[in-house]
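For ligands, and for the atoms within them, numbers begin at 1 and follow the listed sequence. If you're wondering where the values come from, they're calculated on a predicted model, not measured in any experiment.
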Amino acid sequence: MKRKNVAIIGSTGSIGINTLKVIDQFPEQFQVVALSAYNNCDLLIRQIKKYRPRYAAVSQQQYEKIKSRVDAKRCTVCLADQDLAMIATLPQVDVVILAMRGSAALAPFMAAVKAGKTVAPANKEALVVAGDLLIAEARRTGATIVPIDSEQSAIFQCLQGQNRGELKRVLLTASGGTLLRVSSSKFDRLTVEEILSHPRWKMGAKITVDSATLMNKGFEVIEAQKLFGLKANEIRVVVHPQAIIHSMVEFIDGSVLAQLASTDMRLPIQYALTYPQRNSVRLPALDLCAIQSLTFEEPDLKRFPLLALALEVAKKDGSLPAVLNAADEVAVEAFLNRKIKLTKIFDVVSKVVKKHRLVLKPNLQEVLEADQWAREETRKLI
Ligand code: MG
């Protein structure tokens, strides 16, 4: 069997690191041809030495440092700010793992889709901001999108071999985040550090805050809407604190299929890498008898108004998801820099969303304009 050539955009973050762990288990199946990072230079250098990619991209500030430490004959060093689309479309690349965060992932995502590659996005922003454009382009070129986000991977897996027309709705599960059992009167007394101590997953700071406010789940609703061509009312969020069921699909006959697994990102990463096959895995098996019970509850939209706002945005769609994403990014950054309180994120983001003049079927230019406009408006409010 020919080895699959993999490009990892964002190789030094948690998804990138876990992708390399999966590849370590199956060296006969995968070859790393390109890596990209931004500022984590030391780790990137270690990765380059170990995996010997043909290309590596970094930020402008780290460029000289990386260049001086790798063998130029073996690895071409390029710039993350301008060359990610080139990396994602290298003729030898089979699978692009899109593990970087932020809407800058849109450029390599779109380029890879245009080139008909298999793209495995862990990044939410690109799909939230320009999901319709990405999916339309994938349809045109035959590119395959296999999501890595655990909920989207669950839905994707549940839909394999099914007739899409028989899907009634998606039940998107949410672990509930750090604030699930905290009274909303205490939200603003929590420190940034307390918010960042997520009980289940170690993730980046931005996504951990979004998990606490359930904004992350809101983005996932929009992401699912785009990936699977659903209307907003065909997605229901279900709080499931054990996080064993990663999402479910309900068919028109009332039958519900669920995907269950222990909470380890290596599983959806591995699935995306090996799709449409599955590999046997050396992770601990799911022990349902040890877990004993799986529980479900309605999300509390009063305590988590950002989720309610995201559901509203999903319904109106158009350029609004781009506005929601940009406003939240700026507001969460202000929270992490201790400039605003946690509940202020909603105040600011909802004001910007309300003020936006909706563009119904935005093209790429209009999406980027909405993004820019929302960033400026949010900064003014903070
Ligand atoms: Mg998720």
In short, ring pair (Phe, Tyr, Trp, His ring centres under 6.0 Å) pairs touching residues 116-143 with sequence neighbours left out are none
Between the Mg ion (ligand 1) and D149, which N, O or S atom of the residue is the nearest one?
OD1
Once you measure the plane-to-plane angle for Y275 and F156, does it fall in the parallel (<30°), tilted (30-60°) or perpendicular (>60°) bin?
perpendicular
Please name the atom of E220, limited to N, O or S, that comes nearest to the Mg ion (ligand 1).
OE2
Within the supplied structure, the quantity of interest is the number of heavy atoms (other residues, nucleotides, ligands) at a distance under 6.0 Å from R54 CZ; does it exceed 12?
yes
With R357 via salt bridge (charged side-chain N to carboxylate O under 4.0 Å, His left out) - residues at least two apart:
none
By atom name, which N, O or S atom belonging to E151 lies closest to the Mg ion (ligand 1)?
OE1
